[in-house]
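Chain letters run A, B, ... following the sequence lines, proteins first, then strands; residues in each count from 1. Note that the structure is a prediction, hence the values are computed from the model and not measured.
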2 protein chains.
Amino acid sequence: MFDLVEFRHLKYIAAIAETGNFTRAAERLFLAQPSLSKQIKELEDGIGIQIFVRHHDGVRITPAGQMIVSYAIEAVKARNEIIQAARAVHGGTIPALRIGFSCFVQQDVLRSLRDAYASLFPGCPMQFSGGDPAQILRRMEEKSLDAAVLPLPISGEQWTVDQVASAPLAVCMRADDPLAQQMEIQPSELAKRLKIFRNPDAHPEAHARLLEMLAEIGIEPEVSSLATTPSDIQWMVQSGSGMALIDQKTPLDQSLTTRPIASVNWTADTAFVHPVHAEHPSLPVLTRHFRKMNGIAPAKRTSRRKHADDLQMTLLA
Amino acid sequence: MFDLVEFRHLKYIAAIAETGNFTRAAERLFLAQPSLSKQIKELEDGIGIQIFVRHHDGVRITPAGQMIVSYAIEAVKARNEIIQAARAVHGGTIPALRIGFSCFVQQDVLRSLRDAYASLFPGCPMQFSGGDPAQILRRMEEKSLDAAVLPLPISGEQWTVDQVASAPLAVCMRADDPLAQQMEIQPSELAKRLKIFRNPDAHPEAHARLLEMLAEIGIEPEVSSLATTPSDIQWMVQSGSGMALIDQKTPLDQSLTTRPIASVNWTADTAFVHPVHAEHPSLPVLTRHFRKMNGIAPAKRTSRRKHADDLQMTLLA
DNA sequence: GAGGTGCGATAGCTTCTGTCTATGGCCGAA
DNA sequence: TTCGGCCATAGACAGAAGCTATCGCACCTC
């Protein structure tokens, strides 16, 4: 009974749903319209579900049909991508996936990426190479890297960006700093002490954005120390050169601590980035994988607060 | 080229992979062995991927084949479940999905569930009903509820449990409490002041687990106030009856605040639970949906700290 | 209201293909 | 050597998917 449903049908269903019209769907499928009608009718009868309601001016989709339509579109795309990727694996034409990453990206993110890749592309090698975001983007443009894990923001039409992690942005300071007695750091206090930054050349866009955000809460920091790695930053903070802003998940030296900034809710976000016109055959599958996660994730997305009060549920006792 | 691949093939591939043998797979599929051989051969030739390596004593799976095999198994199952569910929707035989929830579950989790259901089962009604976890489990056994969103732990062979949210477990206290000046609460201090608990009858397993965890860090609390809702707890804390442990995401009254417990990393986890032998036709699809999220999720799962810290334990709210 | 237009359904024929049975080749165990 | 297990090949056949031609229906225009 389920076996009546073949990919062929799913493709037809997707085309009909997208054109809203058997005739045009048939054209798009290079098929005669009666063939299409017949296939769909037999399918509907076979599985006992009416998918489309025929009108004189096209078709409407039933609720049950909508379920099938969404599924069909997804399923066909997934099939094609998997086969494409498996073909590449089989042909041995999968070169190592060359991933660039910033040393400011948390290791567990890289680990997750590695694990996901290993399970999706068994036996296919990866190469990781660290570097500045600016340099890594350049290397992706030169095609000496396939993809990267980088701190946001990354803008530009040429990049496909999927956020994969997010952590609060916090003030890093010495644990024995008097300010560490406070729960949160006030912007006014931060303004005087925030002096350690990443080298702006490493990720100009992120630096600019950070300064912009600081300006919004009235901070125009004196940028006096430039670091290139998280341990540089920690060393600088430790040696008393000032405070820094870091990803709260960064593993910290014992002598250091972090505090949130009062009245804001900033995050350090990390994304999986690759050129829109990807070259490496694994990228569509990987991207699909990430999108699924972010899609309609139940809970976990604190940013969903938007609908805070539209919640109306039938309460039964 | 992709269109050569039909569900029929995926079913065959899955059967061959599972039996390791064309002949037995053919039997299982009620098919003559040559038909199967021919189908697979044509498929392999068509898409240009060798999936199986034929030996005199059966078949091995190539790496590219492995990708396709895993995909095939998943895809066939997904198709069947979707059709099953759509059939139920179409037949109007989908009774309202009756969800029980504990009032200690954060609303955004319920909202996500509602949204996911609405998008997977357009037009199908839900009914929510609040209550104690113990009572809700009982009602699921009696089949007056289909599924529930509950704090972990939930054990027992009869339940299918999928974690859907997790938040740090924190100490809830008055904002003007002297201890609120501290960043973290030491277990020794907590021991004296922790007095407010959920009614143990509401979720005996969680209560027991909480006491066990507290014992591990040397706390044997005096359980002097019993609450049945988060607002009870907040009221009790506010009125000076002691401290409580709560999900850090709980919306707090202004006069209250939370602090982490020093040296541990406990979380309050929430799960989607239903009887293993589910009755409601949407449950396979919903569960599949949640599993996808949790599967190989790249980062985002703060609860993954387990690796770093054995002390981390699944807990209650 | 007559005729035109756009859409889907039906009928009948053709072609393709998935399945069957029968058989062959290969390898290892008895 | 022979037998048994396994997969591949060959040829026949039936069913299914496709095509063309045509119909029916609703709506629009004049």
Side-chain angles (χ1 to χ4, degrees), chain A residues 1-62 64-65 68-69 72 76 79, chain B residues 1-62 64-65 68-69 72 75-76 79 83:
Chain A
M1 124 109 176
F2 300 128
D3 295 343
L4 290 182
V5 183
E6 285 292 358
F7 274 110
R8 179 165 32 90
H9 300 111
L10 300 188
K11 235 181 56 174
Y12 297 169
I13 288 170
I16 296 170
E18 281 163 18
T19 59
N21 181 313
F22 275 67
T23 309
R24 251 162 300 163
E27 281 168 23
R28 216 178 80 173
L29 294 163
F30 303 105
L31 208 65
Q33 168 263 317
S35 311
L36 186 58
S37 289
K38 190 181 161 199
Q39 286 290 311
I40 299 299
K41 185 180 183 334
E42 283 175 4
L43 180 70
E44 287 179 331
D45 291 350
I47 62 179
I49 304 174
Q50 189 183 4
I51 301 171
F52 300 109
V53 183
R54 282 78 167 166
H55 283 258
H56 54 276
D57 60 343
V59 296
R60 309 295 140 78
I61 304 177
T62 65
I68 297 188
V69 166
V76 170
R79 174 195 66 171
Chain B
M1 122 107 175
F2 299 128
D3 295 342
L4 290 183
V5 183
E6 285 292 357
F7 274 110
R8 176 166 34 89
H9 298 111
L10 299 187
K11 235 182 55 173
Y12 296 169
I13 288 171
I16 296 170
E18 281 164 17
T19 58
N21 181 312
F22 274 66
T23 310
R24 251 161 300 163
E27 282 168 20
R28 213 177 83 173
L29 294 163
F30 303 104
L31 207 65
Q33 168 264 314
S35 311
L36 186 58
S37 288
K38 189 181 164 198
Q39 286 291 311
I40 298 300
K41 186 179 183 337
E42 283 175 4
L43 179 70
E44 287 180 330
D45 292 350
I47 62 178
I49 304 175
Q50 190 183 5
I51 301 170
F52 299 108
V53 183
R54 281 78 166 165
H55 283 259
H56 51 277
D57 60 342
V59 296
R60 312 291 141 77
I61 303 177
T62 64
I68 297 187
V69 166
V76 170
R79 175 195 64 170
I83 293 175

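- Contact check of residues 47-55 of chain B against DNA chain C (heavy atom, cut-off under 4.0 Å) returns no residues at all.
- Near DNA chain C, meaning a heavy atom under 4.0 Å away, the residues from residues 13-33 of chain B are B:Phe30, B:Leu31, B:Ala32.
- Here the P atom of nucleotide D:dG18 and the CG atom of B:Asp3 are 11 Å apart, to the nearest Å.
- B:Asp3 meets the side chain to side chain donor-acceptor pair (under 3.5 Å) test with A:Lys11, A:Arg79; sequence neighbours excluded.
- Regarding B:Tyr12, its OH atom lies at a distance of 8 Å from the C1' atom of C:dG18, rounded to whole Å.
- Residues satisfying the side chain to side chain donor-acceptor pair (under 3.5 Å) criterion with B:Arg24, sequence neighbours excluded, are absent altogether.
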Tell me, with the steps shown, if B:Leu43 and B:Ile13 meet side chain to side chain contact (heavy atoms under 4.5 Å, CB included).
CA-CA 10 Å; B:Leu43 179 70; B:Ile13 288 171; 3.7 Å; yes

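- Between B:Gly46 and B:Leu4, the shortest heavy-atom contact is CA-CD1, 3.3 Å.
- The side chain of B:Ser35 lies closest to C:dC20 when the candidates are C:dG18, C:dC20, D:dT9.
- For A:Glu42, the side-chain atoms get nearest to D:dA17 when compared with the rest of D:dA17, D:dA21, D:dT9.
- B:Arg8 places its CZ atom 16 Å from the P atom of D:dG15, with the value rounded to the nearest Å.
- Between the CG atom of A:Asn21 and the CD atom of A:Glu27 there is a distance of 8.0 Å, given to the nearest 0.5 Å.
- For the pair A:Gln39 CD and C:dC16 P, the interatomic distance rounds to 17 Å; values are reported in whole Å.
- Counting any heavy atom pair closer than 4.0 Å across all strands shown, A:Lys38 reaches a base atom.
- Side-chain atoms of A:Ile68 and A:Ile47, non-hydrogen and from C-beta on, do get closer than 4.5 Å to each other.
- Note on B:Ser37: every side-chain N or O is 4.0 Å or more away from OP1 and OP2 of D:dC7.
- Distance CG/A:Leu36 to CD1/A:Ile16: 4.0 Å, rounded to 0.5 Å.
- Distance A:Glu44 CD to C:dA9 C1': 13 Å, rounded to the nearest Å.
- In this structure, B:Leu4 atom CG and C:dC16 atom P are separated by 16 Å, rounded to whole Å.
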Could you list, one pair per line, each protein nitrogen or oxygen that sits under 3.5 Å from a nitrogen or oxygen of nucleotides 26-30 of chain C, together with the distance?
none

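- With hydrogens and angles ignored, the 3.5 Å screen pairs a side-chain donor or acceptor of A:Glu44 with a backbone N or O of A:Phe52.
- Atom pair B:Leu43:CG and C:dG18:C1' shows a separation of 14 Å (rounding to whole Å applied).
- Contact record, A:Gln33 with A:Ala26: CA-CB, 3.7 Å, taken as the closest heavy-atom pair.
- The ring-ring contact (aromatic ring centres under 6.0 Å, His included) analysis of residues 3-51 of chain A, with sequence neighbours excluded, yields the pairs A:Phe7-B:Phe7.
- Counting to the nearest Å, the P atom of C:dT17 and the CD atom of A:Glu6 are 14 Å from each other.
- Considering NZ of A:Lys38 and CD1 of A:Ile40, their distance stands at 13.0 Å, rounded to 0.5 Å.
- For the atom pair B:Lys41 NZ and B:Gln50 CD, the distance stands at 10.0 Å (nearest 0.5 Å).
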